[in-house]
Amino acid sequence: MYIAAMNKVFLFVEIEVQPGKSAGFIEKLRTQAEIIRGERGCEFIDIYQNSVNENLVHVWEIWSDRGSWDAHMENQASAAWREIASSYVIGEEITVMHQA
């Protein structure tokens with residue numbers, strides 16, 4: 001069981017949204033998350049809004065392996081999402097983690 005967990009990819013994404021656009025961004029991100037949940041290898045994705053700074057949105061993801069995440073990053077749905085997000089996002093930081 002431990003070996004399987006070692007192959008998983010855990011992602012923590014921090015997204016800085018333009019002021020005044022967080023509600024619209026979160027609404028669109030929820031729709032995108034539903035698409036992602038149906039992708040091969042996506043075990044978990046959830047969205048959180050920072051309780052102190054409403055312009056910070058966080059996404060927690062778990063992928064079964066790096067290949068699944070890489071395929072997700074290159075698929076048409078992700079390309080379309082990048083187009084949508086560009087009108088909302090100032091910047092993002094993706095932290096890739098593994099189980100300790």
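These values consider heavy atoms only, across backbone and side chains, with no hydrogens, waters or symmetry-generated copies.
Trp60 is not connected to Ile35 by any chain of hydrophobic side-chain contacts under 4.5 Å among Ile, Leu, Val, Met, Phe, Trp and Tyr, and they are in different clusters. Residue Val13 is grouped with residue Val57 when hydrophobic side chains (ILVMFWY) are merged at heavy-atom distances under 4.5 angstrom, including chains of intermediate members. Residues Val96 and Ile45 are members of one and the same hydrophobic cluster, defined by side-chain heavy-atom contacts under 4.5 angstrom among Ile, Leu, Val, Met, Phe, Trp and Tyr. Both Met73 and Ile84 belong to a common hydrophobic cluster when Ile, Leu, Val, Met, Phe, Trp and Tyr are linked at side-chain heavy-atom distances under 4.5 angstrom.
Taking the side chain as every heavy atom from C-beta outward, Ser78 and Ile36 never approach each other to under 4.5 Å. Using a 4.5 Å heavy-atom threshold, the side chains of Glu14 and Leu56 count as touching.
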*Apply the test side chain to side chain donor-acceptor pair (under 3.5 Å) to residues Asn75 and Glu39: give CA-CA distance (whole Å), side-chain angles for both, the deciding distance (0.1 Å), then the verdict.*
CA-CA 10 Å; Asn75 70 25; Glu39 292 181 24; 3.2 Å; yes
*asked:* side chain to side chain contact (heavy atoms under 4.5 Å, CB included), that's the test. Do Asp70 and His72 meet it? Break it down for me.
replied: CA-CA 5 Å; Asp70 288 344; His72 156 72; over 6 Å; no
_If you apply the rule side chain to side chain contact (heavy atoms under 4.5 Å, CB included), what do you find for Gln49 with Ile26, and how did you get there?_
CA-CA 8 Å; Gln49 187 172 23; Ile26 290 170; 3.6 Å; yes
*Mind running side chain to side chain contact (heavy atoms under 4.5 Å, CB included) on Ser86 and Arg82 for me, showing each step along the way?*
CA-CA 6 Å; Ser86 68; Arg82 285 189 288 276; over 6 Å; no
*What do the steps show when you test Val9 against Asp65 for side chain to side chain contact (heavy atoms under 4.5 Å, CB included), and what is the final call?*
CA-CA 6 Å; Val9 177; Asp65 56 72; 5.8 Å; no
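Arg40 contributes atom CZ, which lies 3.5 Å from atom OG of Ser68 (distance to the nearest 0.5 angstrom). Between the CD1 atom in Ile62 and the NZ atom in Lys8 there is a gap of 7.0 Å [rounded to 0.5 Å]. Taken from CD1 in Ile47 to CG in Leu29, the straight-line distance is 3.5 Å, to the nearest 0.5 Å. To the nearest 0.5 Å, atom OG of residue Ser22 and atom OH of residue Tyr88 are 10.5 Å apart. For the atom pair Phe44 CZ and Ser64 OG, the distance stands at 15.0 Å (nearest 0.5 Å). The CG atom of Asn53 sits 7.5 Å away from the CD atom of Glu16 when rounded to the nearest 0.5 Å.
Ring geometry for His58 against Phe12 counts as parallel: the plane angle stays under 30°, on a 0 to 90° scale with 60° as the upper cut.
In this structure, Phe10 has its ring center at least 6.0 angstrom away from the ring center of His98. Under the 6.0 Å cut-off for aromatic ring centres, Phe25 and Trp81 qualify, their centroids lying closer than that.
Between Glu34 and Arg37, at least one side-chain N (NZ, or NE/NH1/NH2) sits under 4.0 Å from a carboxylate O, which counts as a salt bridge.
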